[in-house]
Protein chains: 2
Amino acid sequence: MRVPERVSTTFWRAVTAWLLLYWQFSTPGRGPELPFWPHPCMRKASERPTATVHEVARVAGVSAATVSRLLNGTAKVSDDKRQAIEQAIERLNYKPNVLAQNLKTGSSRTVGILTQSLASGYFADAMAGVDDALQGTGYAPLIVSGHWHADEEAERIELLIARRVDGLVILSGNLEDAQILALSEQVPIVVFGRDLQGPRTYGFSLDNYRGACDAVEHLVAHGHRDIAFIAGPSDHRDALARLAGYRDTLAKHGIKAQRKLVLQGDFSESGGLRAVERLLASNQRFTAIFAANDLTAYGARLALFRRGITVPDEVSVVGFDDLHSSMYTTPPLTTVRQPLFDVGQRLGRAILRMIRQQPLELEVPEPSLVVRESVRAI
Amino acid sequence: MRVPERVSTTFWRAVTAWLLLYWQFSTPGRGPELPFWPHPCMRKASERPTATVHEVARVAGVSAATVSRLLNGTAKVSDDKRQAIEQAIERLNYKPNVLAQNLKTGSSRTVGILTQSLASGYFADAMAGVDDALQGTGYAPLIVSGHWHADEEAERIELLIARRVDGLVILSGNLEDAQILALSEQVPIVVFGRDLQGPRTYGFSLDNYRGACDAVEHLVAHGHRDIAFIAGPSDHRDALARLAGYRDTLAKHGIKAQRKLVLQGDFSESGGLRAVERLLASNQRFTAIFAANDLTAYGARLALFRRGITVPDEVSVVGFDDLHSSMYTTPPLTTVRQPLFDVGQRLGRAILRMIRQQPLELEVPEPSLVVRESVRAI
DNA sequence: TTGAAAGCGGTACCAG
DNA sequence: CTGGTACCGCTTTCAA
């Protein structure tokens, strides 16, 4: 007896199906509560492959080209054919295959978003804005995260480009300007967090310097002179701008900058907490704290709380960003508002225009101080 | 003189290019600070279309099929050819066109994630978890948001399916179970927030009831008997489970449930704030508040703060979810932790297994009480 | 092990 | 306005 050289695939399907079945029932700990997993060959019936243009065309008695034309409005189609096609589409429940469209048109109708953290309220707002702008345009966002690490960012962007995104939205990050410009050879890019311009690149940032000035002005106007500053990461341009705003505003009012009042933070709650602990330990006199961002302010506020120092009665606190939750801290935090959702929308609209090769019309929104209850006049 | 019927496209290109140019310089308010926008025909040079398999094949002196085989490891390729191909790939900087691969293989190497809000810390953690699980697998997440609205959810899912996602991760939401099961005909689905099982569906939720019981037990163990509860939306199953846990635990300890101590909230800070204002206005005695989620607890805490009621000295507060920020509220919030990142990872791994037709191995994580400083013994 | 060739599902050009 | 047809870039038989 000879074994046939090429055993039919049907045979093997059956074999693996039975193996799978056997495995499921024999594996210890795989009780009935786990879902039964059918082998694909047992599921074929439920897979209803969607119709194609050709089938629609055949049913409607026209050519595939005509169906395509109707669907895309590329050309006029006579009324009777339109009706026939529409009926056929209805009957076959036809849905165009985006994958095929993509291949043909060379565009994936997708814009990549590079964020730094999926779990950050700061970026989430901006992403929501981009998403909002993309809504109803046929473009979908493909979101990846670079975790504030240049290498990772570059790698993720490669991924996006491999997937042929039509445009790229970069939210901050540590990439070099030159890298971004280089990337823009391959895909139009808008970037938030730096001012950048190129043939297929447009970047803008909010005026962090100005925001910081406003915050410190506010404090000074309320009689504060001994104002501590908890800085952000020293390699972060926004953090640096905020520090500069703090310094310059102090100088403008003839207040001598005291080195001990500037603490290093890292844009996180724990950084703020530790900074204030150091500040307290230094015995330096201060009546107010300006935190480089809201998270830092939260941490600072907790450190004060632990020492029984009340806000704003004993110490005033100002933050930066205006995260949602800053409205509900105790007391509600006075902070510099960054309109991130708005920023996101603008980014989304901008990348869409770039993709469509329309000229940009952009005005950059401004940060603004939102006064709540964490500052007291002294 | 006759005008040619079909004017060359080159001609029109030139015309539109000049129009665009003219427009840019003539539009008032379009100063030099706006980026100059070149017409596509002026950019062709910078667009470096990536090489194709065929070109690689030609350069390497082999067939396209062989290149494909090498790339996918589908079959053995002789050493000399491999070298030639690798060199050609290097030289041409070849990158496979994912779009074409997608069309051919019928899979987009994409999993859709339906979240309810892009800007919510709760969902963000779960999404980060899914993203983490997908990392390095070749699958990318396509994220859409349903905004807690069944219609919108259904619509967004249609979008995902049109884009031929290979799998779907649904984070909570208001879809009917039946709808989800129906959808699973077209694509495997894992869903968080409900217990669901089907041939291509797997859903699980955390034990909200149990979590709520733990929270109330904790309060009772600290001597509290007049415990207020701020409920979540009454159409939300998690909210209901938490309410049930509250009621049952009270009953278990022989504490009479008082109707006035159960306030309606909506899972938001403002809901919590208003609820406590109503509670205070009702003059009902209470020594503790159990909030249906952390956001609600934040609002409740602010309402107490406004009245000068201290936490935990006068009133204890317990939340649910354990958002990041709960660690830094004043005082840090005692709350029921939902391991959302972990949940996200499991969801991601699960959908991957379903896509690959591997059997599932799932154990559901448990919520756990994390004790911080917002509860005092009385 | 390898090459030729047939599509995957659309779109767009051409001629009529 | 419409149908025929080539092709987008890749994978996968089939046959050698």
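Below, all heavy atoms of this structure are taken into account, side chains as well, without hydrogens, waters or symmetry copies. Each chain gets a letter, A, B and so on, in the order its sequence line appears, and its residues count up from 1.
- In this structure, CZ of A:Arg164 is placed 8 Å from P of D:dC10, rounded to the nearest angstrom.
- Distance CZ (B:Arg109) to P (D:dC10): 16 Å, rounded to an integer number of Å.
- For B:Lys104 against D:dG9, a side-chain-to-base donor-acceptor contact under 3.5 Å is absent.
- Atom-to-atom, CG of A:Asn97 to P of C:dT11 comes out at 10 Å; the value is rounded to the nearest Å.
- The interatomic distance linking B:Leu99 (CG) with C:dG9 (C1') rounds to 13 Å, in whole Å.
- Considering only side-chain N and O atoms, B:Thr52 lies nowhere under 4.0 angstrom from the phosphate OP1 or OP2 of D:dC8.
- The side chain to side chain contact (heavy atoms under 4.5 Å, CB included) test with B:Val56 is passed by exactly one of B:Val62, B:Ile85, B:Leu71, B:Thr66: B:Ile85.
- Other residues, nucleotides and ligands contribute over 12 non-hydrogen atoms within 6.0 Å of the NE2 atom of B:His147.
- Below the 3.5 angstrom threshold, one finds no donor paired with an acceptor across the side chain of A:Arg69 and the base of C:dG10.
- Straight-line distance from the CG atom of A:Leu70 to the P atom of D:dC1: 13 Å, rounded to whole Å.
- Rounded to an integer number of Å, the gap from CD of B:Gln101 to C1' of D:dC8 is 14 Å.
- Applying the 4.0 Å criterion to OP1 and OP2 of C:dT11, one finds that A:Asn72 has a side-chain N or O inside that range.
- The salt bridge (Lys or Arg N to Asp or Glu O under 4.0 Å) search around B:Arg163 returns none, not counting sequence neighbours.
- Each of B:Thr105 and B:Asp79 was assigned the nucleotide of DNA chain C with the nearest heavy atom; the assignment lying further toward the 5' end belongs to B:Asp79.
- Rounded to whole angstrom, the span from the NZ atom of B:Lys76 across to the C1' atom of C:dT1 amounts to 10 Å.
- For A:Thr66, a side-chain nitrogen or oxygen approaches OP1 or OP2 of D:dG3 to under 4.0 Å.
- A donor-acceptor contact shorter than 3.5 Å links the side chain of A:Ser184 to the backbone of A:Leu181.
- Regarding B:His54, its NE2 atom lies at a distance of 12 Å from the C1' atom of C:dA6, rounded to whole Å.
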